[in-house]
Asks: 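Okay, handing you the structure first.
In what follows, every heavy atom counts, from backbone to side chain, and hydrogens, waters and symmetry copies are set aside. Numbering of residues begins at 1 and proceeds along the displayed sequence. Being a predicted model, the structure only gives us computed values, none of them experimental.
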Amino acid sequence: MKPAAFAYLAPRDLDEALDQLAEHGADARVLAGGQSLVRLMNARLASPAVIVDINRIGGLDVLERRNGSLRLGATVRQRTSELSADVAAHAPLLAEAGAHVAHAPVRSRGTVVGSVAFADPSAELPTALLALDGRVVARSRFGERTIEADDFFTGPFTTSLAPGEMVVAVEVPVTAAGTGTAFVEVSRRHGDLPVCGVAATVTRGDDGSVGAARIALCGAGERPVRARAAEDALTGSDGGADAIAEAAARAADGLSPIADCHGSADFRRHLARVLTGRALRTAIHRAAGEA
């Protein structure tokens, strides 16, 4: 199939793009990588009247350290993030999760920000952003604001962006010393969206106890979700096998997965517990400097 007719706009600077988004409102969609949007348009599952292509706008492809965080602009490709030495050194969870996204040719075109803004509840990168305590930088012609990842995702493919806003960057804090991270998932085939996935960060104190933990799940609800009961069970513990087992057992508390042809709600809850245990074991080993 082919998409329904639409108007194509290619602004040369950010102000022009924001003016176009303000003018066309809900009828407009931003195009960066297009790996999700164009597929939906071809299937007639999305029919925006206006496409605003931001690829010609300078400065949106910058990946840099800024004020203790890594900032990835709106046109930074997923493959660029995956292979970046800065990402590997300062936010390795983002690279590890990114390597699970589709296939290399898709990641060479798709953008990190685009995946986050698309807000697929099964997608890896929004889940990694949530586990990393990341932020979304949104801008409209009325100004700029920063939205915490915990507040950005509101439902399936929906976010807290206001009409006329676009995401210009995502930011993740530089991973602190003594912190280990891990991402694991189960999918039908490599490159498919996961049936369930878990992103975890664990920070150990000088005494070896777990000082902080963040655990985020994809494919486990209507948006990427935090496994807060599991986080609470692990925090303050010694990070040993019993503590990991207790946290994993709590990972499905409060989850309401959506059943589909790939897995029932009960199966997804089971995967949430199993994968949380795997992710925590790896993250804790890495926090201790072990391979």
Side-chain angles (χ1 to χ4, degrees), residues 1-64 66 69-81 101-102 106-121 123 125-126 129 134-149 151-172 223-224:
M1 294 183 66
K2 298 298 181 183
F6 59 90
Y8 174 80
L9 305 177
R12 295 289 179 173
D13 59 51
L14 186 55
D15 288 340
E16 184 182 359
L18 296 176
D19 286 343
Q20 291 169 351
L21 291 174
E23 177 183 354
H24 296 286
D27 290 331
R29 294 291 296 271
V30 173
L31 176 71
Q35 299 303 291
S36 297
L37 177 60
V38 172
R39 174 171 52 86
L40 292 186
M41 291 172 63
N42 285 341
R44 300 294 179 98
L45 296 175
S47 298
V50 178
I51 292 295
V52 180
D53 185 341
I54 63 172
N55 283 285
R56 294 173 177 81
I57 298 175
L60 293 182
D61 60 348
V62 174
L63 192 166
E64 62 180 353
R66 181 189 296 187
S69 295
L70 274 182
R71 180 182 173 102
L72 292 83
T75 57
V76 171
R77 308 298 165 184
Q78 294 164 5
R79 188 68 168 161
T80 301
S81 170
V101 176
V106 173
R107 299 195 297 272
S108 294
R109 185 62 188 172
T111 64
V112 175
V113 164
S115 179
V116 170
F118 195 66
D120 188 324
L125 291 173
L129 186 74
R135 303 175 293 273
V136 171
V137 182
R139 190 178 297 178
S140 72
R141 65 180 180 180
F142 301 109
E144 182 176 288
R145 66 183 178 123
T146 300
I147 309 166
E148 299 297 325
D151 301 322
F152 183 71
F153 305 105
T154 58
F157 307 99
T158 58
T159 70
S160 58
L161 283 178
E165 279 188 315
M166 66 171 277
V167 182
V168 296
V170 294
E171 297 177 340
V172 294
R223 58 179 180 174

Asks: Excluding sequence neighbours, so at least two apart, what forms salt bridge (charged side-chain N to carboxylate O under 4.0 Å, His left out) with Glu148?
Replies: none
Asks: I'd like to check the side-chain hydrogen bond (donor to acceptor under 3.5 Å, both in side chains) partners of Arg12; sequence neighbours left out, ordered by chain and number.
Replies: none
Asks: Give me the one residue out of Leu72, Val113, Leu125 that meets side chain to side chain contact (heavy atoms under 4.5 Å, CB included) with Gln78.
Replies: Leu125
Asks: Restricting to side-chain hydrogen bond (donor to acceptor under 3.5 Å, both in side chains), what partner residues turn up for Thr158, sequence neighbours left out?
Replies: Thr154
Asks: Return a table of donor-acceptor pairs under 3.5 angstrom between the side chains of residues 39-62 and protein atoms on other chains or two or more places apart.
Replies:
| from | atom 1 | to | atom 2 | distance (Å) |
| --- | --- | --- | --- | --- |
| Arg44 | NE | Lys2 | O | 2.5 |
| Arg44 | NH2 | Lys2 | O | 3.1 |
| Asp53 | OD1 | Asn55 | N | 3.0 |
| Asp53 | OD1 | Asn55 | ND2 | 2.8 |
| Asp53 | OD2 | Tyr8 | OH | 2.6 |
| Asn55 | OD1 | Arg77 | NH2 | 2.6 |
| Asn55 | ND2 | Ala32 | O | 2.8 |
| Arg56 | NH1 | Tyr8 | OH | 3.1 |

Asks: Please report the closest heavy-atom contact between Ser140 and Gly164, naming both atoms and the distance.
Replies: CB-O, 3.5 Å
Asks: Could you tell me the separation between the CZ atom of Arg107 and the OG1 atom of Thr80, rounded to the nearest 0.5 Å?
Replies: 11.5 Å
Asks: Taking side-chain contact (heavy atoms from CB on, under 4.5 Å) as the test, write out the residues that go with Val116, two or more places apart.
Replies: Leu129, Val136, Phe152, Phe153, Val170
Asks: Are Ile147 and Val167 close enough that some pair of their side-chain heavy atoms sits under 4.5 Å apart?
Replies: no
Asks: Quick one: CG on Leu31 to OG1 on Thr111, what's the gap to the nearest 0.5 Å?
Replies: 9.0 Å
Asks: Restricting to salt bridge (charged side-chain N to carboxylate O under 4.0 Å, His left out), what partner residues turn up for Arg223, sequence neighbours left out?
Replies: none
Asks: For the residue pair Glu16 and Leu9, establish whether any side-chain heavy-atom pair is separated by less than 4.5 Å.
Replies: no
Asks: Could you list all the salt bridge (charged side-chain N to carboxylate O under 4.0 Å, His left out) pairs where at least one residue sits in residues 19-36, not counting sequence neighbours?
Replies: Asp19-Arg141
Asks: Which heavy atom in Arg145 sits nearest to a heavy atom in Leu161, and how many Å separate them?
Replies: NH2-CA, 4.0 Å
Asks: Residues in salt bridge (charged side-chain N to carboxylate O under 4.0 Å, His left out) with Glu171, at least two apart?
Replies: Arg71, Arg135
